[in-house]
Amino acid sequence: MHAASPAKAFKAFALITLGSLIYALTFNWFFQPNELAFGGFTGAAQVIHFLIPAFPVGILTLVMNIPLFIVGVRKMGWKMLVASLCAMAVSSLLLDLVGSLWTFEPMEPLLACLYGGALQGLSLGLMLLVDATTGGTELLARLLKFRFRHLSIGRLCLMIDLVVIFLYALVFRSVHNALYGIIALTISSKVMDMVIYGSASAKMAYIISSRPDAICRRLLDMGLGVTTLTGQGAYTGAEKRVILCAFKRNQIASIKAVVMEEDPQSFLIVCEAHEILGEGFGEYSPDSL
């Protein structure tokens with residue numbers, strides 16, 4: 001267990017660095033030159049600074065993050081604090097470094113919000129995979145997840161950022177940039193959810209066949225968990241055995257082949273399973289995303 005700790009720490013730092021680099025590139029390439037509303041605590045600090053110029057944006061952002069980090073440590077422990085402080089430091093350094101090395105020209109705003117939103121969601125999702133955030137919206141969403149477990153982390157971020165962008169549009173009277181920012185945030189939340197929950201998603205098959213025992217044996221030989229349900233045909237009234245099987249995405253071709261080989265007349269339904277907990281899949285954790 002202890003031998004794996006350095007490897008896990010290196011993996012976490014690598015994901016934080018990669019996520020921070022993408023985050024910095026996204027801001028300097030797509031958001032900054034096109035003056036798109038970025039949302040988050042930075043956007044909120046910009047609004048407060050505009051109303052009260054005596055308060056610098058950087059100081060405001062830091063002050064707003066302090067109570068969140070205190071609550072975060074109580075909820076998630078010191079691991080979250082160390083990872084997030086690392087993410088904040090690396091992303092801040094890379095923001096300035098990328099901005100000083102390259103000067104990106106403005107582009108079509110629609111392209112900026114589409115690609116910027118996708119890369120922003122990717123960068124934040126990578127960091128959240130190792131319980132790290134850049135602070136602000138992501139950390140607040142991570143804490144709200146304890147209260148609103150039915151909402152995804154991406155949707156919580158979107159809801160928070162929409163409030164900030166509304167204030168941005170109201171104060172700066174920049175409706176067009178705010179609307180583009182909403183598009184970027186919507187895309188960002190979708191991509192973030194794909195990164196965080198995508199690895200946990202799988203597929204589920206319902207198989208109705210006249211040869212359920214043969215199919216079950218083949219599926220069990222593949223190492224899959226199989227459950228049989230009792231059903232009844234509505235038209236004939238005949239009893240049916242329905243095979244229920246959860247599997248990973250890369251196994252779908254093998255399962256189709258098994259079913260068709262054993263019973264070409266079988267009825268196969270394959271559907272998406274957003275998250276599966278149990279042997280061979282994920283494990284439940286009270287503080288999971």
Side-chain angles (χ1 to χ4, degrees), residues 14-47 57 61 84 87-88 90-130 132-142 151-169 172 174-201 289:
L15 282 176
I16 289 173
T17 303
L18 178 60
S20 298
L21 180 60
I22 297 173
Y23 183 84
L25 185 62
T26 300
F27 179 79
N28 285 285
W29 189 0
F30 297 107
F31 284 88
Q32 181 73 1
N34 294 282
E35 298 181 350
L36 296 182
F38 199 62
F41 275 27
T42 303
Q46 287 177 325
V47 172
V57 173
T61 304
S84 294
M88 287 180 64
V90 174
S91 62
S92 298
L93 288 172
L94 289 175
L95 272 174
D96 292 338
L97 180 62
V98 172
S100 63
L101 292 177
W102 292 281
T103 301
F104 295 96
E105 297 294 328
M107 65 174 69
E108 171 61 39
L110 184 58
L111 288 176
C113 70
L114 290 176
Y115 287 97
L119 288 175
Q120 183 186 28
L122 173 62
S123 66
L124 298 176
L126 288 173
M127 286 185 273
L128 283 168
L129 283 176
V130 290
T133 77
T134 57
T137 301
E138 299 79 45
L139 180 53
L140 180 57
R142 186 71 176 83
L151 295 175
S152 69
I153 200 77
R155 185 160 295 183
L156 285 168
C157 284
L158 176 62
M159 293 166 62
I160 298 166
D161 282 333
L162 284 176
V163 174
V164 174
I165 286 185
F166 174 77
L167 292 174
Y168 180 95
F172 291 98
S174 179
V175 177
H176 285 167
N177 285 354
L179 292 175
Y180 280 124
I182 291 173
I183 295 174
L185 286 174
T186 304
I187 296 171
S188 176
S189 70
K190 296 293 184 183
V191 174
M192 191 188 307
D193 283 343
M194 287 175 59
V195 173
I196 296 171
Y197 304 112
S199 59
S201 65
L289 292 170

query: Which pair of heavy atoms, one from Phe104 and one from Asn28, lies closest together, and at what distance?
result: CD1-O, 3.3 Å
statement: Closest non-hydrogen contact found for Met159 with Leu151 is SD-CD1, 4.1 Å
query: What are the two closest heavy atoms between Asn34 and Ala112, and how far apart are they?
result: ND2-CB, 3.5 Å
- line: OG of Ser123 to CG of Leu18, rounded to nearest 0.5 Å, is 9.0 Å
query: Taking atom CG of Leu140 and atom CG of Leu156, what is their separation to the nearest 0.5 Å?
result: 8.5 Å
Ile16 CD1 to Leu129 CG distance, which is reported to the nearest 0.5 Å: 11.0 Å
- request: Answer yes or no: is there a donor N or O on one side and an acceptor on the other, between the side chain of Ser188 and the main chain of Ala184, under 3.5 Å?
  value: no
field: Side chains of Leu126 and Ile22 in contact at under 4.5 Å (non-hydrogen atoms)
entry: yes
- prompt: If you round to the nearest 0.5 Å, how far is CE of Met127 from OH of Tyr23?
  reply: 7.0 Å
task: Kindly give the heavy-atom pair with the smallest separation between Ile183 and Cys113, and that separation in Å.
output: CG2-SG, 3.7 Å
query: Any side-chain heavy atom of Gln120 within less than 4.5 Å of one from Phe31?
result: yes
Minimal non-hydrogen separation, Thr186 against Leu158, with atom names: N-CD1, 3.8 Å
statement: On a heavy-atom basis, the closest approach of Ala87 and Ser20 is O-OG, 3.8 Å
- prompt: Got a second to check how far Leu139's CG is from Cys157's SG, nearest 0.5 Å?
  reply: 10.0 Å
statement: One should read off an interatomic distance between Met107 CE and Trp29 CH2, to the nearest 0.5 angstrom, of 6.0 Å
